[in-house]
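Written out below as structure tokens is the structure these notes cover.
Because the structure is a prediction, the values reported are computed rather than measured. Keep in mind that the numbers below use all heavy atoms, side chains included, and drop hydrogens, waters and symmetry copies.
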Amino acid sequence: MTDQVTFYGSSFDSRFLIGSALYPSPKIMADSVKASSSEIITVSLRRQSPEKAGGKSFWDFIQALDCTLLPNTAGCHNAKEAVTLAKMSRDLFESDWIKLEVIGDEYNLQPDPFGLLDAAEQLIKDGFKVFPYCTDDLVLCQRLLDVGCEVLMPWGSPIGTGKGLMNPYALQMIRERLPDVPLVVDAGIGLPSHAAQAMELGYDAVLLNTAVAEAADPALMANAFKKAIEAGRQAYLAGAVLERQTAKPSTPTLGMPFWHQEQ
């Protein structure tokens, strides 16, 4: 039985979305993407345009991977910048998919909820399929759905920190309140166990970059994340036991002989 994830009508076998930045070389990036079995790769126009010096070599590696591209608006600080960059990305990459980032704080790179909502509304009216990178704020997630987003990408923790899921309660609440919305944990994942935890909460996929790209062996780490995401998904589908406050014996004693009793 297949267990695919669907975004805007397109279905994929892999629930691992991977970034293309920060790798030591384009070849290591390509090897890592292959090891991840990822079918969706994010690309930043601002940092990695094929027209920039050395960009063509990078672009050749990207095209050879035969993945679905998810261009992003990394580095934008207001709605106007993000919308402009999204339109440039559509022209260059010939895709109406866009990972929408509007950064509101330079210190922790937290998304600006107001600029994000504004940009998302404009882009959706213009025919884009928006993947908004947002915080784990349930109300913001609901407002993004109201303007037409069909996928949400709340953070686990600030970009590149590797802290994992800082607020599992908030993420779980989003999952429970929005049961039919494709949800992707994006940003802050540092270890395969973090990715497995996100999947165990019922999230549909995980997007990460730094944890693979800056590992000592990126390709090996990519494969580790692939397996962790698969394990977390299987655990969610299997149905975990409920936590208890008191101990419960795993071996029942009812009806069992007690040899220590006196004859």
- Message: So S10 and F12, do their side chains get closer than 4.5 Å, heavy atoms only?
- Response: yes
Minimum heavy-atom separation for [X] to [Y], with atom names?
X: V43; Y: S20; answer: CA-OG, 3.8 Å
X: R90; Y: G127; answer: NH1-C, 4.5 Å
X: H194; Y: K163; answer: CE1-C, 4.0 Å
X: A120; Y: L100; answer: N-CD2, 3.4 Å

Sidechain N-carboxylate O distance under 4.0 Å for [X], [Y]:
X: D186; Y: K99; value: yes
X: K27; Y: D31; value: yes
X: R175; Y: D136; value: no

- So, T73 side chain and E101 main chain: donor-acceptor pair closer than 3.5 Å or not?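 A pair under 3.5 Å: yes.
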Distance alone, cut at 3.5 Å: any donor-acceptor contact between the side chains of [X] and [Y]?
X: K226; Y: S37; result: yes
X: S11; Y: T6; result: yes
X: Q142; Y: D146; result: no
X: Q110; Y: D105; result: no

- Please determine if K129 forms a cation-pi arrangement with F7, meaning its NZ or CZ atom is less than 6.0 Å from the six-membered ring centre and no more than 45° off the ring axis.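 No; the conditions do not both hold, so K129 does not lie above the ring face of F7.
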Are there over 12 heavy-atom neighbours, none belonging to [X], within less than 6.0 Å of that residue's [atom1]?
X: D91; atom1: CG; result: yes
X: E94; atom1: CD; result: no
X: Y8; atom1: OH; result: yes

- With under 30° as parallel and over 60° as perpendicular, where do the rings of W155 and Y133 fit, or are they tilted in between?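 If you compare the ring of W155 with that of Y133, the planes turn out perpendicular.
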- Message: Would you call the rings of F16 and F225 parallel, tilted or perpendicular, taking 30° and 60° as the class edges?
- Response: tilted
- Message: Please tell me whether Y236 and Y203 form a close aromatic pair, meaning their ring centres lie under 6.0 Å apart.
- Response: no
- Task: Among L207, T210, V206, find the residue that satisfies the side-chain contact (heavy atoms from CB on, under 4.5 Å) test when tested with I189.
- Result: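 Result: among L207, T210, V206, V206 is the only option passing the side-chain contact (heavy atoms from CB on, under 4.5 Å) with I189.
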